Student: 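Structure provided below as C-alpha cells; questions to follow.
Predicted model only: the values in this text are computed from it and were never measured. In this chain, residues are counted from 1 in sequence order.
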Amino acid sequence: MENARILDERLRKIISEISGRTGSEIKKDLLGDLGECFQTAIEEHARKETNRLLELLKKAIEKM
C-alpha cells in the first residue's frame, strides 16, 4: 500500500512538471501571436495615418 502511495505522488509530480512546461510553451506561443497581431495593427494604423497625411498635404498644395 505504501508503494502505491509513493508511486501516486511521483506520478502527480511528473504530471505537474509536464503540465507546467507545456503551459509555459503555450504562453510563449500566445505571446508571440499577440505580438504579431499588435505589429500588424500598428503597421495598418501607420499606413492609414500616412495616407491621411498625404491627402491633407495634397489638398493644402491644391489650395495654394
Side-chain angles (χ1 to χ4, degrees):
M1 198 59 154
E2 182 67 23
N3 288 340
R5 186 183 62 76
I6 292 171
L7 179 60
D8 185 57
E9 287 177 11
R10 285 184 183 170
L11 287 173
R12 287 179 192 270
K13 286 179 184 178
I14 291 170
I15 291 170
S16 175
E17 186 176 329
I18 290 171
S19 296
R21 288 182 186 173
T22 303
S24 295
E25 291 172 10
I26 290 171
K27 288 177 188 175
K28 287 177 186 176
D29 289 343
L30 289 175
L31 286 175
D33 291 345
L34 182 63
E36 289 177 17
C37 289
F38 274 122
Q39 184 68 31
T40 301
I42 289 170
E43 288 173 357
E44 181 64 27
H45 179 71
R47 194 172 12 262
K48 286 180 181 179
E49 287 298 309
T50 301
N51 285 338
R52 187 178 71 81
L53 178 64
L54 290 174
E55 285 294 324
L56 289 172
L57 183 61
K58 179 181 173 185
K59 288 177 184 178
I61 291 171
E62 288 173 353
K63 285 184 180 180
M64 292 180 170

Student: Considering only NZ, NE, NH1 and NH2 on the basic side and carboxylate oxygens on the acidic side, decide whether Arg47 and Glu44 come within less than 4.0 Å.
Tutor: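 Looking at Arg47 and Glu44, the cut-off is met.
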Student: Is it the case that over 12 heavy atoms from other parts of the model lie below 6.0 angstrom from the CZ atom of Arg5?
Tutor: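 Counting neighbours around CZ of Arg5, more than 12 heavy atoms of other residues, nucleotides or ligands fall under 6.0 Å, so yes.
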Student: Kindly compute the distance separating CG (Leu56) from CG (Asn51), expressed to the nearest 0.5 Å.
Tutor: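 Leu56 CG to Asn51 CG: 11.0 Å, rounded to 0.5 Å.
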Student: Could you tell me whether a side-chain N or O of Thr50 sits under 3.5 Å from a main-chain N or O of Ala46, the two making a donor and an acceptor?
Tutor: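 Answer holds: yes.
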Student: Do NZ/NE/NH1/NH2 and the carboxylate oxygens of Arg52 and Glu49 come within less than 4.0 Å?
Tutor: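 Answer for the salt bridge query: yes.
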Student: CD1/Ile61 to NZ/Lys63 distance, rounded to the nearest 0.5 angstrom?
Tutor: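 Rounded to the nearest 0.5 Å, the CD1-NZ separation comes out at 12.5 Å.
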